[in-house]
Amino acid sequence: MKVSESGVLYEEAKRVLVGGVNSPVRAFTAVGGIPRFIRKARGSKLQDEDGNTYIDYVCSWGALILGSAHPRVVAALRGAIGRGTSYGAPTRVETELANLILDAVPSIQRIRFVNSGTEATMSALRVARAYTKRNRTLKFEGCYHGHSDSMLVKGGSGMATFGMPDSAGVTKESISDTIVAPYNDLNSVKTVFEQYPDDIAAVIIEPIAANMGLVPPMPNYLQGLRDITKKFGALLIFDEVITGFRASIGGAQKLYGIEPDLTCLGKIIGGGLPVGAYGGADEIMELLSPIGPVYQAGTLSGNPLAMTAGIVTLRELRKRGFYDELKEVSARLERGLLGAAEEASVSVRLTRVGSMLGLFFTGEPVIDYQRVKSSDVHAYATVFSSMLEQGVYFPPSPFETLFVSAAHTQRDIERTVGAARVAFQQVRKHREH
Ligand SMILES: *Cc1c(COP(=O)(O)O)cnc(C)c1O
């Protein structure tokens, strides 16, 4: 595979962009190799600047549930762009997208659009603190809630603990109100609440963890969190930036039948344009300015292009059978990958919820960050590189989720599974040496 053009572009990029990229994982640091510079994308395929095409399982980190350049999204954007790209004033498309979201997610009575998932979680936490008049937040190890200071923290091993910052430049003070507990462990949550019964404003969680690979919640875990937060008067925030309109039309909360107090959205609701949103009960959301005392604003918030792409995308998702078909194609991929690993005698754990898949090289069930970490990252890197060479673009990190879109065909899956057979054999060979 020729990648010289990407190589040249990467060198040029590094001279002006930090590390050559604008988001770290794109640099392929965890898997090695030259990051592919993408020229264009259509449906399930990416094409790089050397002309190589790849079946795309990143899908812009889950945002592209319809695949790239969906004809209806493109047509709507063409129409919208001629009417101006931003006004800094209200538009009808904001209300229209809000209505589509509220219809699908009943726990949201009132919503606010922002420009990223990071802003959505940061602002939801601010509202939660104002509403409860409490300061502390409980988050879970391995869950990602964007890069705002208070969320850039991981936990100590196993036990619930006050975290240390994950990033230089984040002060101890800015994370001093963040408590971290292991995922899928209700007892540790109980312990935290017994220690701080009146101090915790909110528990924030990815209801299906999708930023440490894919780790689904154990049975009754989310219900347990709902019960504990109710009991102690804390809010439950579902960060559904990935799972919203992905796990089901109503997100993970609909799939598992749990109503959070606040929900954060992003990715899919922007149809591939920059967007985020947070919402919940009127009583809580009305604390926001201009009605209430909690300040939050955005120059480009509710951007007409992002709203337009979101509206068209969500309309497609409402079509009958959409999620069933997506699930079927994804299940076929899951079976194929498992078969390929078995053929090569490489032990893997595959997790899947709908069209999200996690691929771990471990013999243990993956239920929390500790166990995720036991996955063989070298094996993942081998598979990643082999797949890429064969025209399949898996996420360039062992701890990310694979996404299937509605544009992925049976033929794409067959080709992917064929490539995986070769890739898993390479893992075995490496291990034999
Ligand atoms: C992507 C993501 C975010 C951050 O969204 P950005 O738009 O990248 O700021 C927050 N939470 C979850 C669960 C995410 O997957």
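For ligands, and for the atoms within them, numbers begin at 1 and follow the listed sequence.
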Crowding at CZ, R129 (>12 non-hydrogen neighbours, <6.0 Å): yes

May I ask you to decide if F37's main-chain N or O and E49's side chain share a donor-acceptor pair within less than 3.5 Å? no

Between R15 and E12, is the closest basic N to carboxylate O distance under 4.0 Å? no

Working for salt bridge (Lys or Arg N to Asp or Glu O under 4.0 Å), residues R371 and D368: CA-CA 6 Å; R371 271 162 266 212; D368 60 22; 3.3 Å; yes

I'd like to know whether CG of N220 has more than 12 heavy-atom contacts from other residues, nucleotides or ligands below 6.0 angstrom. no

Do me a favour and list the nearest non-hydrogen protein atom to atom 4 (C) of ligand 1 with residue, atom name and distance? T118 N, 3.6 Å

Please assess K190 against D185 for the test salt bridge (Lys or Arg N to Asp or Glu O under 4.0 Å), listing each intermediate value before the final yes or no. CA-CA 9 Å; K190 284 183 191 141; D185 178 0; over 6 Å; no

Which atoms of ligand 1 have any heavy atom of I242 under 4.0 Å away? 15 (O)

Tell me whether D239 has any N or O atom under 3.5 angstrom from an N or O of ligand 1. yes

Does E119 pair with R112 as a salt bridge, N-O distance under 4.0 Å? no

Please say whether T121 places an N or O atom under 3.5 Å from an N or O atom belonging to ligand 1. no

Considering distance alone, does some N or O of G117 sit under 3.5 Å from an N or O of ligand 1? yes

Quick one: look at H147 and ligand 1, take heavy-atom pairs under 4.0 Å, and tell me if it's side chain, backbone, both or neither. neither

Donor-acceptor under 3.5 Å (Y256 side chain, I208 main chain): no

Under 4.0 Å, heavy-atom basis, I'd like to know which part of H145 is in contact with ligand 1: side chain, backbone, both or neither. backbone

Under a 4.0 angstrom heavy-atom cut-off, which atoms of ligand 1 come close to N211? 12 (C), 13 (C), 14 (C), 15 (O)

Within a distance of under 4.0 Å, is there any protein heavy atom near atom 9 (O) of ligand 1? yes

Closer than 4.0 Å to some heavy atom of S116 - which atoms of ligand 1 meet that? 7 (O), 9 (O)

Within 45° cone of Y393 ring axis and under 6.0 Å: R36 NZ or CZ: no

Please determine whether any non-hydrogen atom of E119 lies less than 4.0 Å from an atom of ligand 1. no

Counting from 1 in the order shown, the ligand 1 atoms closer than 4.0 Å to a non-hydrogen atom of E206 are 13 (C)

So which of M151, E240, K267, M122 gets nearest to atom 15 (O) of ligand 1, if we judge by its closest heavy atom? K267

